[in-house]
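Note sheet for the following structure.
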Amino acid sequence: MARNILVTGGAGYIGSHTVLQLLLGGYRVVVIDNLDNSCDIAIKRVQELAGPEYASNLSFHKIDLRDKTALGKIFASTKFDAVIHFAGLKAVGESVAKPLLYHDNNLIGTINLLEIMVANECKKLVFSSSATVYGWPKEVPCTEEFPLSAANPYGRTKLFIEEICRDVYLSDSEWKIILLRYFNPVGAHPSGYIGEDPHGTPNNLMPFIQQVAVGRRSALTVFGSDYATSDGTGVRDFVHVMDLADGHIAALCKLSDPSVGCEVYNLGTGKGTTVLEMVAAFEKASGKKIPLVMAGRRPGDAEVVYASTAKAERELKWKAKYGIDEMSRDQWNWASKNPYGYGSPKSGASLIAHI
Ligand code: NAD
Ligand code: WQD
């Protein structure tokens with residue numbers, strides 16, 4: 001079993017939840033993150049949640065993946081069995097405005113990482129891809145064999161990195177690479193001690209709902225109510241971040257399978273939920289009314305997207321456990337305890353007593 005794991009972007013939303021599960025699973029974890037969209041409080045809280053037995057198995061280095069010298073030093077100091085690569089910029093709108101930033105950060109960062117992995121004979125990788133590579137799917141559920149396309153520069157960086165990974169594997173069959181295509185990650189650790197804390201105005205549905213519920217924003221704008229869906233709003237496959245974290249452990253285990261080359265798996269629940277159904281689930285969990293402003297469709301949005309989960313179930317032995325009620329409960333638990341995310345005054349001190 002791989003024991004020393006490098007996690008890029010491990011201070012971020014999905015990364016921090018995965019790092020916690022890795023520690024509890026007995027792995028030693030080195031996190032590198034430039035804290036561009038996160039903060040080191042998340043790392044400290046992961047250590048507290050892991051408890052004294054496991055906390056010392058985590059070390060953190062504030063490093064940008066584009067800094068090859070710094071990256072080289074990390075690999076010189078530890079022999080890694082595998083890398084989980086979360087680090088990247090992910091805001092679709094920003095990627096349209098700043099495509100070069102996205103290509104520089106996501107592509108150059110990944111190429112640097114792969115080069116240093118080659119130089120250090122570390123050839124096991126789990127990469128954060130996205131359902132965005134299905135573009136506007138013609139049918140659902142999306143299977144891993146669907147044609148790929150990108151609707152924006154962010155999506156293109158995911159597509160290109162997937163292709164780079166396939167080329168790297170074709171050049172050297174010793175590589176073992178798993179590309180995980182996440183659908184719509186939501187929720188938080190059930191302690192409410194770590195969760196999603198986006199910088200600036202949230203782009204995604206759940207963080208926006210959460211900020212309305214805690215009074216930071218007055219209403220949720222619903223983008224589109226004329227889709228051909230049960231209530232006219234868009235349909236997505238929301239997946240609990242704790243399920244995703246477990247999906248990464250399953251992928252790591254799979255890397256030890258001799259048959260693995262460069263593989264791709266969807267991580268979703270296989271169930272579609274409309275925007276209004278998600279709002280209703282959150283209202284039920286929080287007891288808060290979410291005022292709505294109905295608006296036109298958001299440019300670039302697909303109508304209905306959800307995953308086929310058969311391949312992950314069959315080959316990773318992974319299946320999402322949580323539904324939208326648990327996702328909403330845990331999202332609200334995090335939001336109500338940390339209305340301003342990791343910047344909430346004294347939230348940490350009062351929370352740890354409840355763990
Ligand atoms: P996040 O922004 O919370 O985490 C990404 C982390 O990477 C951040 O902590 C950021 O500071 C760091 N980072 C970015 N560029 C870096 C660089 N050059 N060097 C070092 N660190 C860098 O995002 P997340 O939601 O946790 O997403 C993790 C990964 O999963 C990303 O690659 C994202 O594209 C992908 N993904 C996310 C979603 C989603 O909706 N959250 C869906 C599908 C795929
Ligand atoms: C979901 C639904 C919106 C906000 C994005 C990225 C994708 C992936 C996941 C990284 C849609 C509606 C949203 C709001 C709304 N990320 N909505 N009001 O668009 O499925 O996927 O995040 O890889 O690449 O594109 O997620 O949460 O933005 O939207 O009505 O304020 O909620 O129109 O129908 P999306 P989302």
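Numbering of ligands and ligand atoms starts at 1, following listing order.
Taking the centre of each ring, Phe80 and Phe75 come in below the 6.0 Å mark. Annotation: His17 is not in aromatic contact with Phe86 [ring centroid separation under 6.0 Å not met]. Ring to ring, Trp334 and Tyr342 are close: their centroids are under 6.0 angstrom apart.
By the 3.5 Å distance cut-off applied to N or O atoms, Ser38 is counted among the residues near ligand 1. In terms of polar-atom proximity, defined here as any N/O pair under 3.5 Å, Asn204 makes no such contact with ligand 1. The shortest N/O to N/O separation between Arg298 and ligand 2 falls below 3.5 Å. For a threshold of 3.5 Å applied to N or O pairs, the pair formed by Val222 and ligand 2 contains no separation below that value.
Of all atoms in ligand 2, numbered sequentially from 1 with element shown, those under 4.0 Å from a heavy atom of Asn203 are 4 (C), 28 (O). Of all atoms in ligand 1, numbered sequentially from 1 with element shown, those under 4.0 Å from a heavy atom of Leu35 are 11 (O). Proximity to Asn184 (heavy-atom distance under 4.0 Å) selects the following atoms of ligand 2: 20 (O), 21 (O), 26 (O), 35 (P). Near Val92, meaning under 4.0 Å from any of its heavy atoms, are these atoms of ligand 2: 6 (C), 25 (O). Ligand 1 places these atoms under 4.0 Å from at least one heavy atom of Tyr154: 33 (C), 34 (O), 35 (C), 36 (N), 44 (C). Under a 4.0 Å criterion applied to the non-hydrogen atoms of Asp301, ligand 2 contributes the atoms 3 (C), 11 (C), 19 (O), 33 (O). Atoms of ligand 1 found under 4.0 Å from any heavy atom of Gly9 (numbered from 1 in listed order, with element): 6 (C), 7 (O).
Nearest protein heavy-atom neighbour of atom 18 (N) of ligand 1: Asn105 OD1, 2.8 Å. Atom 36 (P) of ligand 2 has Asn204 ND2, 3.5 Å as its closest protein atom, hydrogens excluded (heavy atom only). Atom 16 (C) of ligand 1 has as its closest protein heavy atom Asn34 ND2, 3.4 Å. Protein heavy atom closest to atom 40 (O) of ligand 1, with residue, atom name and distance, is Pro185 CD, 3.3 Å. The shortest contact between atom 2 (O) of ligand 1 and any protein heavy atom is with Asn37 ND2, 2.7 Å. The protein non-hydrogen atom at the shortest distance from atom 27 (O) of ligand 1 is Ile14 CD1, 3.8 Å. Counting only heavy atoms of the protein, atom 30 (O) of ligand 2 lies nearest to Phe223 N, 2.9 Å. In terms of protein heavy-atom proximity, atom 24 (O) of ligand 2 is nearest to Thr132 CB, 3.2 Å. Distance from atom 2 (C) of ligand 2 to its nearest protein heavy atom, with residue and atom name: Val275 CG2, 3.8 Å. Atom 10 (C) of ligand 2 has its closest protein heavy atom at Tyr154 OH, 2.9 Å. Here the heavy atom of the protein found nearest to atom 11 (O) of ligand 1 is Asp33 OD1, 2.7 Å. Given atom 1 (C) of ligand 2, the protein heavy atom at minimum distance is Arg236 CG, 3.7 Å.
Considering Phe86, Phe127, Tyr13, Tyr182 only, the shortest heavy-atom separation from atom 43 (C) of ligand 1 involves Tyr182. Between the choices Gly12, Ala91, Pro207, the shortest heavy-atom distance to atom 4 (O) of ligand 1 belongs to Gly12. Of the listed residues (Lys62, His17, Lys90), the one carrying the non-hydrogen atom nearest atom 23 (O) of ligand 1 is Lys90. Remark: among candidates Ser128, Ser129, Pro198, the nearest residue to atom 44 (C) of ligand 1 is Ser129, based on non-hydrogen atoms.
Using a 4.0 Å cut-off between heavy atoms, Lys158 contacts ligand 1 through its side chain alone, with no backbone atom that close. Neither the backbone nor the side chain of Thr233 has a heavy atom within less than 4.0 Å of ligand 2. The residue Ala131 has no part lying near ligand 1, judged by heavy-atom distances below 4.0 Å. Under 4.0 angstrom from ligand 2, the non-hydrogen atoms of Leu205 come from both its backbone and its side chain. Heavy atoms of Thr221 found under 4.0 angstrom from ligand 2 belong exclusively to the backbone. Counting heavy atoms under 4.0 Å from ligand 1, residue Ile32 does not touch it at all. Residue contacts with ligand 1, taken as heavy atom pairs separated by less than 4.0 Å, involve Ile63 solely via the backbone atoms N, CA, C and O.
Linking Ile, Leu, Val, Met, Phe, Trp and Tyr whenever their side-chain heavy atoms come within less than 4.5 Å puts Phe160 and Ile177 in one cluster. Placement of Ile108 and Leu89 in two distinct hydrophobic clusters is found when ILVMFWY residues are connected by side-chain heavy-atom separations under 4.5 Å, directly or transitively.
Using a 4.5 Å heavy-atom threshold, the side chains of His240 and Lys321 count as separate.
In this pair, Phe127 and His85 present their aromatic rings tilted. The plane angle is within the 30 to 60° band.
Within 6.0 Å of atom NZ in Lys311, more than 12 heavy atoms from other residues, nucleotides or ligands are found, so the atom counts as buried in its surroundings. With a 6.0 Å radius and a threshold of 12 heavy atoms from other residues, nucleotides or ligands, Lys79 has its NZ atom above the threshold.
At least one test fails for Arg181 against the ring of Tyr265: distance under 6.0 Å to the centre or angle within 45° of the axis.
Between Lys68 and Glu115 there is a salt bridge, since at least one side-chain N of the basic residue sits less than 4.0 Å from a carboxylate O of the acidic one. No salt bridge links Asp243 with Lys319; every basic N to acidic carboxylate O contact stays at or beyond 4.0 Å.
Remark: the backbone N or O of Pro190 is not paired with any side-chain donor or acceptor of Asp330 at under 3.5 angstrom.
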